[in-house]
Visitor: 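Let me begin by handing over the structure; questions about it come next.
To find a chain, count down the sequence lines: A is the first, B the second, and so on, and within it residues start at 1.
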Amino acid sequence: MMTLKVNGREHQVDAEADTPLLYVLRDDLKLNAAKYGCGLGQCGSCTVIVDGKAVLSCVMPMVLLEGKQVTTLEGLGTIAEPAPIQRAFMEEQAAQCGYCIPGMMMRAQALLQKNSKPTDEQIRAELEPHLCRCGTHMRILRAVHRAARLMDTADALPAANGSAR
Amino acid sequence: MRASTRIIAGIVAVVLIAAAVAAFAIAWRPAIAAIDPPDPQSFDTALVKRGRDLAAIGNCSDCHTPRGAKNFAGGLPVPTPFGTIFSTNITPDPETGIGRWSEAAFRRAMRSGVNREGQHLYPTFPYDHFTNVSDEDDRALYAFLMTRQPVRAAARENQLSFPFNQRLAITGWKLLFLRHDTYRPDPKQSAEWNRGAYLVEGLAHCGACHTPRNALGAERVSARFAGGDVDDWHAYAINDQSRSPVPWTADALFAYLREGWHPDHGTARGPMAKVVSNLSSVPASDVRAIAVYMASVSGTTPGRAGPSEDALTRARTASQTNSVGASIYTAACASCHEGGRPLPYGGVDLGLSTAISSPDPRNLANVVLSGIDAVEGERSPIMPGFAASMNDDQASALLNYLRARFSDQPAWADLKKTIADARRTQTVFLQTSPAPRNAPADPQQREKP
């Protein structure tokens, strides 16, 4: 058994040291926002935030998570009260099939936490590890800019337990 | 730089300056008269095309076209133990480039490291190799460069400490280390071997990275191709000290240089990515000649086989003694590196990795932390970087595990420092270096899923 801190809560999980974080999130904690895409760290759909940094949870062994804070998309906002990043993606209609979107949002969130006004180029460079086969890239770009603006205005702060902020 | 090295360097520098002052008469080089920039139409197109191929073999763009800059406009900071030197503008811009250089001025720069105005150039520009380039090839290179788009970009001021900021000191360096030889063919060897030797020792300047340098930054003649430094990466030994688990052959080297990867050796990344990217576009016969010559330099060491038989035993021992490293390996590495997907898109069998067998762990640290970027607009091998997932202790555990499991070499010393350095420097490398332009794979490979 080990303790895993996810979205501000501590969980006792029965996982091996070499189990990827993604499996524990989806199978044990039933947090299904992070997606299993390629399982090789090449598509970005499993991205979560660990201690403020975007990481690929499918190639992140549990042994590396001791004492760390994991934030998944569920930790940012709820359906009733979406976080700025979620609102922005909805308002820009940035999802088509939506499979890549949680990962995109998590890396964008991590970017906005350290850089509140990223340029187009910085967003493109940051999201480079993420694949979107539908091709909503331009909307995703707009959504990240919109999220930056939303985070800038006080009334946009969500009430959720967003430990990532 | 250690204090002792600094003192030695200082003493040598003082001696050098004295020598340089005494040698002022022979040090002085006249300016070569400025010309009106030649009309690009005046150059023969076949000559320009040859120059293009030669510039690719010489890897000119690697230093003279930094990431985001215009072609050949210069400005790449080259860190040296003596300070930072910036590459210059070699477009035909009349004011800031070489637009007013005659062919004779260009040839003098290549042969003896002196610019048109008569100033000595720092040997970061590898004229110690280019002195071997024939008149004919210099003419083609000149034709190619003078027909490029002129770019107005003034050279940045070098950041060197005294006495290295005195160009006169370069004269001393040249007296000690510059041999004004042009390449002389070895009649005992084949024409192909000689062609390869001419390219490797001259324009391709392989030794500039793969040969270690002495305290004054000159290649150590006694350790040719024994492995050197480039941009915080280790340029592997490519002589008989190569640590490649499978010995190189001319055929393997040809494929590697041409396509950027080989099933027995993996994929060329780091600074070598640009070299193979450039070599993918030049005549195959030249790449073949380079491979033939280098294979004879590295020699086939008898008795060296592939990954050793007791790999399993070592793997078991390694995981027992380093469970953190083993766990990271299983979750983060094995899914690709034991995935069975063929190169160049699959991960190489780590038992074949020269990075893991190498005496210098920098390349492995760089790749593990920063990964391998996708090449824009092309299919290419990629690997995620793990800098955000692991701290230095954890990365250290992983690298120790890989070393113990996949090589028969002793553990690396100072691994944590290497990892900390790699975390710091790799960002800089990615920001300033030109991105590779081609995927390291042939077009047919790219069509396969």
Visitor: Name the option with the most non-hydrogen atom pairs under 4.5 Å to chain B; the candidates are A/M60, A/K53, A/Q42.
Guide: A/Q42
Visitor: Would you find more than 12 non-hydrogen atoms of other residues, nucleotides or ligands less than 6.0 Å from A/E66 atom CD?
Guide: no
Visitor: Kindly compute the distance separating CD1 (B/I382) from CG (A/L131), expressed to the nearest 0.5 Å.
Guide: 6.5 Å
Visitor: Relative to chain A, which segment of B/F386 carries a heavy atom at a distance below 4.5 Å: side chain, backbone, both, or neither?
Guide: side chain
Visitor: Name the member of B/G347, B/P384, B/A326, B/A334 that forms the most heavy-atom pairs with chain A at distances under 4.5 Å.
Guide: B/P384
Visitor: Taking atom CD as the centre, does A/Q12 end up with more than 12 heavy-atom neighbours from other residues, nucleotides or ligands that are less than 6.0 angstrom away?
Guide: yes
Visitor: In Å, rounded to the nearest 0.5 Å, how long is the span from OG of B/S389 to CG of A/L65?
Guide: 9.0 Å
Visitor: Using every non-hydrogen atom in the two residues, find where B/Q394 and A/V63 come nearest and quote the distance to one decimal.
Guide: NE2-O, 4.4 Å
Visitor: Between A/L56 and chain B, which part of the residue has a heavy atom less than 4.5 Å away: side chain, backbone, both or neither?
Guide: side chain
Visitor: Minimum heavy-atom separation for A/A17 and B/S327, please, with both atom names.
Guide: CB-OG, 3.4 Å
Visitor: Within the supplied structure, the quantity of interest is the number of heavy atoms (other residues, nucleotides, ligands) at a distance under 6.0 Å from A/K68 NZ; does it exceed 12?
Guide: yes
Visitor: Please rank A/T19, A/V55, A/L40 by heavy-atom pairs under 4.5 Å with chain B and give me the top one.
Guide: A/L40
Visitor: Roughly how far, to the nearest 0.5 Å, is the CD1 atom of B/I328 from the CG atom of A/D18?
Guide: 10.5 Å
Visitor: Flag the pair B/S335 / A/V59 as yes when at least one side-chain heavy-atom distance between them is below 4.5 Å, and no otherwise.
Guide: yes
Visitor: Let me know if A/E16 has heavy atoms under 4.5 Å from chain B in its side chain, its backbone, both or neither.
Guide: neither
Visitor: If I compare all heavy atoms of A/A54 with all of B/A388, which pair ends up nearest, and what's the gap?
Guide: O-CB, 3.8 Å
Visitor: How about B/Q149: does its CD atom have over 12 heavy atoms from other parts shown lying under 6.0 Å from it?
Guide: no
